[in-house]
Visitor: 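Quick one: this structure, given as structure tokens, is what I'll be asking you about.
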Amino acid sequence: MAPDTPNPSPEVLSLEQPVPPAKVSLLSATKAFATYKGIVEALQPVTMEVREGEFLVLVGPSGCGKSTLLNLIAGFEFPTGGMVLVDGKTVSGPGFDRMVMFQEHALFPWLNVIDNVIFGLKRKKRLSSSDRREVARYYLNLVHLGKFETAYIHELSGGMKQRVALARALAPNPRILLMDEPFGGLDALTRERLYGQAQEIFARTRKTIVFVTHNVREAACLGDRVLIFTSRPGRIKREITINLPRPRGFYDPNVSRFAGQILAELKTELAEEEGVESHESSSHGHPVLPVADYFLADGI
Amino acid sequence: MLIIFWLTAFELNLLPSYILPSPFMVGERLHELWVDGYFLPSLAASLRRMAAGFACSVCIGLMFGLAMGTNRMLNECLKSFFLGLQTLPTVAWVPISLLIFGLKERGIYFVIVMSSTPAIAISTADGIAGIPTLYLRAAQTLGTPPYAMGWRVIFPAALPRIVTGIKLGWTLGWHGAVSAELIKASLGLGFLLHMGRELNDMPQVIGIMIVTILFGVLLDRFLFGAIEKRIQRRWGLASNH
């Protein structure tokens, strides 16, 4: 350490320590779509923050606007109202700092495996082409696909494709990773193996991650914090912090406990929705026991 | 197989020999044309015209296709126009080319370009319009600047469809080239066909027809077909044998 560098005052340090700065923040962001039937509200005002290095999971029934929210952060879509900030700046479009991993692998079939990973490194002008190849190899090895670098995409299995997609997303070293049900289309066995690998990689690279899923166990296994969404129009219903040590096993009893808690929240949410509907439909018939009671009575 | 049928038909005298000559007569006539120094220059002339004309149509077709594929309004306007042009038989371009260019060489290029461009433009436009949004979004998030989008994503993603269009365009252009040569050239396969008709020389007519088919198929299979196969293998589109 250079002796003549002035030390920061202790006050500043103590101010910085307790809460890591918000990497992504939404300030009453809303999104509505115009369809031929009229305006559909996809997202009610959402205010939330994602802290630097945090793994945030968004859970909710399909159609709850969680993917829309991810698209807003990614910059593919823009909010109808409110603001979406990344590093304190309004999002004005897709950016190199926010890598997106899609539900479908989205790999380019005209490139082989390693060229797909290199694609994201083209932007880094300082790297020579052999440097890029080396970086791509490193990330392919990280997802245990080093042997497949010259394979074409259609020759890979579904799980391997998602791993290549993960390597491609990680290679440019983005600070933020946005994942939209990246493991959704895979079989259970492949998925479990990927959870292990993913946790290992995330622990090593320490990125800010926003992860969308409707799988409660996946949410409990991966997330530092889970936001539960209501459907149509979407808004945040509850926030659950998962303070379990990592790496977490997929069938760890503690993970199961949190998964059950998230599931219960989702079920009451669904039940409330159905309850409202059944009240409406039975306005002149027999009184109907609200479905919510059934779910709660089960004690899930 | 075909030749055996042909031979038996000839031997049985089903048709008079001035209508159905024997394969040997056809071969002999082609050989004569070769020796007389008509054949090679004619073939070369046709292929040269085709190469130049077709290169033009590929450029024009790709440009129109790109414009149509990226601009919905333009696509709406131009697509039916090109589809209409495509239904027009290639020979139908010959009279108008005669009126515009007279008996000049340029007229043949005109026919080739008008015959093959619509197919290329339409497939290019369809190919581009059919690119999944996912690829474009993935490329954007991977930091592809807008000016590089065309070269790195749009063109390769649409390539299978573009190659199909180019293949079709080649066939149509070849039709156009030979039709135009029938009427206005002093050299070329079409011209030899025309001469054969004038001289009542059936072996020459049939011989040149065979050569025309041969070269059309040859280039289609071995040039464009090979490119298409390569792309299909890479994309995994080819059916497994």
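Here is how names work: the chains are called A, B, and so on, in the same order as the sequence lines, proteins then strands, and each is numbered from 1.
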Visitor: Does the ring center of B/F64 lie less than 6.0 Å from the ring center of B/F82?
Guide: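 Ring centres of B/F82 and B/F64 closer than 6.0 Å.
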Visitor: Hey, are B/E181 and B/S46 close enough side-chain-wise for a donor-acceptor pair under 3.5 Å?
Guide: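 Yes, B/E181 and B/S46 have a side-chain donor paired with an acceptor closer than 3.5 Å.
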Visitor: Which region of A/L178, side chain (C-beta onward) or backbone (N, CA, C, O), has a non-hydrogen atom less than 4.5 Å from a non-hydrogen atom of chain B, or is it both or neither?
Guide: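 For A/L178, there is no contact with chain B at all, as no heavy atom is under 4.5 Å.
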Visitor: Heavy-atom distances under 4.5 Å only: say whether A/D115 touches chain B with side chain, backbone, both or neither.
Guide: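 A/D115 has no heavy atom closer than 4.5 Å to chain B.
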Visitor: State plainly whether the residues B/E105 and B/R49 are in salt-bridge range, i.e. N to O under 4.0 Å.
Guide: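 A salt bridge is present here (some side-chain N lies under 4.0 Å from a carboxylate O).
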Visitor: Using non-hydrogen atoms only, which part of A/A74 is less than 4.5 Å away from chain B: side chain, backbone, both, or neither?
Guide: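 Contact with chain B: none, neither part.
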Visitor: Look at A/R98, A/K122, A/M101 and state which one has the largest set of heavy-atom pairs under 4.5 Å with chain B.
Guide: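 Heavy-atom pair counts peak at A/K122.
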Visitor: Does NZ or CZ of B/K79 fall inside the cone over B/F81's six-membered ring, less than 6.0 Å from its centre and within 45° of the axis?
Guide: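 Checked: cation-pi criterion not met.
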Visitor: Report which part of B/A139 has an atom under 4.5 Å of a heavy atom belonging to chain A: side chain, backbone, both, or neither.
Guide: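 Contact with chain A: backbone and side chain both.
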Visitor: Using heavy-atom distances under 4.5 Å, tell me whether A/L121 contacts chain B through its side chain, its backbone, both, or neither.
Guide: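 Neither the backbone nor the side chain of A/L121 comes within 4.5 Å of chain B.
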Visitor: Quick check on A/F76 against chain B: is it the side chain, the backbone, both or neither that has a heavy atom closer than 4.5 Å?
Guide: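 Both backbone and side chain.
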Visitor: Do we see a donor-acceptor contact under 3.5 Å between the side chains of A/K207 and A/N173?
Guide: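 Looking only at side-chain atoms, A/N173 and A/K207 do form a donor-acceptor pair, the distance falling under 3.5 Å.
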Visitor: Less than 4.0 angstrom from a charged side-chain N to a carboxylate O is my criterion; do A/D97 and A/R175 meet it?
Guide: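 Salt bridge flag = no for A/R175 with A/D97.
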